[in-house]
Engineer: 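First, the structure itself, so that you have it in front of you.
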2 protein chains.
Amino acid sequence: MELQSYIAKNGTTINIEKGQQVFTQGELCEHVYLVKTGLLKAFYLTENGKETIKSFIQSGTIIGSLNAAHCQVPSTFSLEALEQCRLVQIPLNELLALSKESISISQEFIQILLSLSLKKERREFELLTLSASQRFDNLRNTDPELVKKLTQNDIAKYLGITPVALSRIKHQ
Amino acid sequence: MELQSYIAKNGTTINIEKGQQVFTQGELCEHVYLVKTGLLKAFYLTENGKETIKSFIQSGTIIGSLNAAHCQVPSTFSLEALEQCRLVQIPLNELLALSKESISISQEFIQILLSLSLKKERREFELLTLSASQRFDNLRNTDPELVKKLTQNDIAKYLGITPVALSRIKHQ
DNA sequence: AGACAGCATTAACCTATGTTAAAAATAACG
DNA sequence: CGTTATTTTTAACATAGGTTAATGCTGTCT
């Protein structure tokens with residue numbers, strides 16, 4: 001947890017109101033964020049204006065558009081606060097540079113990336129093999145607290161279905 | 001590319017016949033593989049015996065059940081040769097240990113994990129926002145050569161639909 | 001060539017989810 | 001409190017994709 005404390009010390013704290021965006025799809029975003037308090041959603045907006053939620057981000061997590069920050073390209077998604085949030089912001093470059101100096105930071109980075117890839121793999125598996133209602137059950141079992149905090153609209157967008165379909169699924 | 005040459009030197013070369021499995025879902029798999037030649041598929045088998053393909057692996061790629069190897073848990077997927085393959089095998093532990101000694105190896109690891117996460121993100125995006133036929137178009141545009149080599153069955157399993165549905169999609 | 005195996009197509013019918021729109025419930029606010 | 005917004009439910013219909021099964025195609029072995 002050297003990394004987290006480095007960020008806490010050297011990053012700049014920002015407050016985000018509910019509904020505000022931390023960064024926006026299509027824009028450059030060179031930072032990485034450590035979530036101190038609050039809850040956020042990372043989401044895509046497709047050409048035809050449809051929103052789909054990539055993930056929900058809870059406190060204690062490090063989040064950022066890694067590829068955007070790393071490759072200096074526009075972010076493919078937006079990050080928005082679902083509640084009032086307190087974040088600590090730091091340029092990814094700074095962390096990467098740091099990791100070049102310190103083995104233990106590198107190692108931590110590797111750990112973070114490995115666990116991120118685990119998360120993505122689970123998600124991929126679910127999208128590929130489970131029906132919408134199975135995915136919903138999964139979410140409810142995995143993180144019932146989170147489900148309580150979310151609006152049905154956002155849950156649906158996360159599951160990849162419409163709120164109407166989710167309402168139907170619930171009544172069974 | 002220090003990592004690749006380390007693997008090439010210190011790993012053990014194995015040959016896999018078409019149809020053979022490199023490792024199997026449910027088993028431990030502590031190795032990571034560098035694909036020298038050939039083509040493979042990584043796939044899940046669900047409880048009800050349905051197969052879905054996670055990804056196709058072409059030569060030059062490093063593949064393995066990272067989480068299985070790292071956390072010493074059974075792999076969640078199998079790896080099978082679609083053509084006769086030549087691989088170089090090495091324990092992930094050995095690479096992780098190595099990365100603790102060498103900053104440049106750590107850095108390479110980080111690069112690999114970052115690009116892996118980019119790939120997964122694209123896949124997640126597609127599964128979440130595109131229809132089956134859009135996903136098929138995408139695949140055809142991104143890697144037409146690959147599509148030629150694959151059976152329609154495998155393409156369908158990769159897209160998350162049945163071969164019947166894929167056949168329908170093609171005729172439009 | 002003939003016989004078989006493995007793929008691909010087609011068709012008929014079924015189910016899950018999308019779409020639109022209206023009604024009902026809940027939350028937010030003066 | 002009563003009034004507006006916002007979210008959720010319900011209903012009716014449309015569509016994509018699943019299921020099963022039959023048919024056709026291609027290649028391989030003898």
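Bear in mind that the values here come from a model prediction, so they are computed numbers and not experimental data. Numbers restart at 1 for each chain; the letters A, B, ... are given by sequence-line order, proteins then strands.
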Engineer: Under 30°, 30 to 60°, or over 60°: which ring-plane class applies to Tyr158(B) and Phe56(B), parallel, tilted or perpendicular?
Structural biologist: tilted
Engineer: For Phe136(B) and dA8(C), what is the distance between atoms CZ and P respectively, to the nearest whole Å?
Structural biologist: 11 Å
Engineer: Indicate whether OP1 or OP2 belonging to dG18(C) is found under 4.0 Å from a side-chain N or O atom of Thr162(A).
Structural biologist: yes
Engineer: Between dT8(D) and Thr151(A), is there an OP1 or OP2 to side-chain N/O distance shorter than 4.0 Å?
Structural biologist: yes
Engineer: In whole angstrom, give the distance that lies between atom CG of Leu166(A) and atom P of dA16(C).
Structural biologist: 16 Å
Engineer: Check the distance between dA12(C)'s P and Arg168(B)'s CZ and give it to me in whole angstrom.
Structural biologist: 13 Å
Engineer: Would you mind checking if Arg135(B) and Glu126(B) are paired as a salt bridge, meaning a charged N to carboxylate O distance below 4.0 Å?
Structural biologist: no
Engineer: Nearest to the Ser167(A) side chain among dT17(C), dA21(D), dT10(D), which nucleotide is it?
Structural biologist: dT10(D)
Engineer: Measure across Asn67(A) and Ser117(B) and return the closest heavy-atom pair with its distance rounded to 0.1 Å.
Structural biologist: ND2-OG, 4.1 Å
Engineer: Quick one: is Gln152(B) getting a side-chain N or O under 4.0 Å of the dG6(C) phosphate, OP1 or OP2?
Structural biologist: no
Engineer: Taking CD1 from Ile169(A) and P from dT15(C), how many angstroms apart are they, rounded to a whole number?
Structural biologist: 16 Å
Engineer: When you measure from the side-chain N and O atoms of Lys50(B) to the phosphate of dT19(D), is any distance below 4.0 Å, counting only OP1 and OP2?
Structural biologist: yes
Engineer: Run through Leu113(A), Leu95(A), Ile103(A), Leu3(A) and flag the one making a side chain to side chain contact (heavy atoms under 4.5 Å, CB included) with Glu108(A).
Structural biologist: Leu3(A)
Engineer: Between dA27(C) atom P and Lys18(A) atom NZ, what is the distance in whole Å?
Structural biologist: 12 Å
Engineer: Side chain of Ile161(A) only, please: which of dT10(C), dG18(D), dG18(C) is the nearest?
Structural biologist: dG18(C)
Engineer: Would you please say whether a donor-acceptor pair under 3.5 Å links the side chains of Thr151(B) and Asn153(B)?
Structural biologist: no
Engineer: Hey, which sits more toward the 5' end of DNA chain C by its nearest nucleotide, Val164(B) or Val164(A)?
Structural biologist: Val164(B)
Engineer: May I have the distance from Lys157(A) (atom NZ) to dG18(C) (atom P), rounded to whole angstrom?
Structural biologist: 13 Å
Engineer: For dT10(C), take OP1 and OP2 only and decide whether either is under 4.0 Å from a side-chain N or O of Lys170(B).
Structural biologist: no
Engineer: Taking only the side-chain nitrogens and oxygens of Ser133(B), find out if one of them lies under 4.0 Å from OP1 or OP2 of dA16(D).
Structural biologist: no
Engineer: In whole angstrom, give the distance that lies between atom CG of Asn153(B) and atom C1' of dT9(C).
Structural biologist: 13 Å
Engineer: Output the rounded distance in Å from NE2 (His171(A)) to P (dA25(C)).
Structural biologist: 11 Å
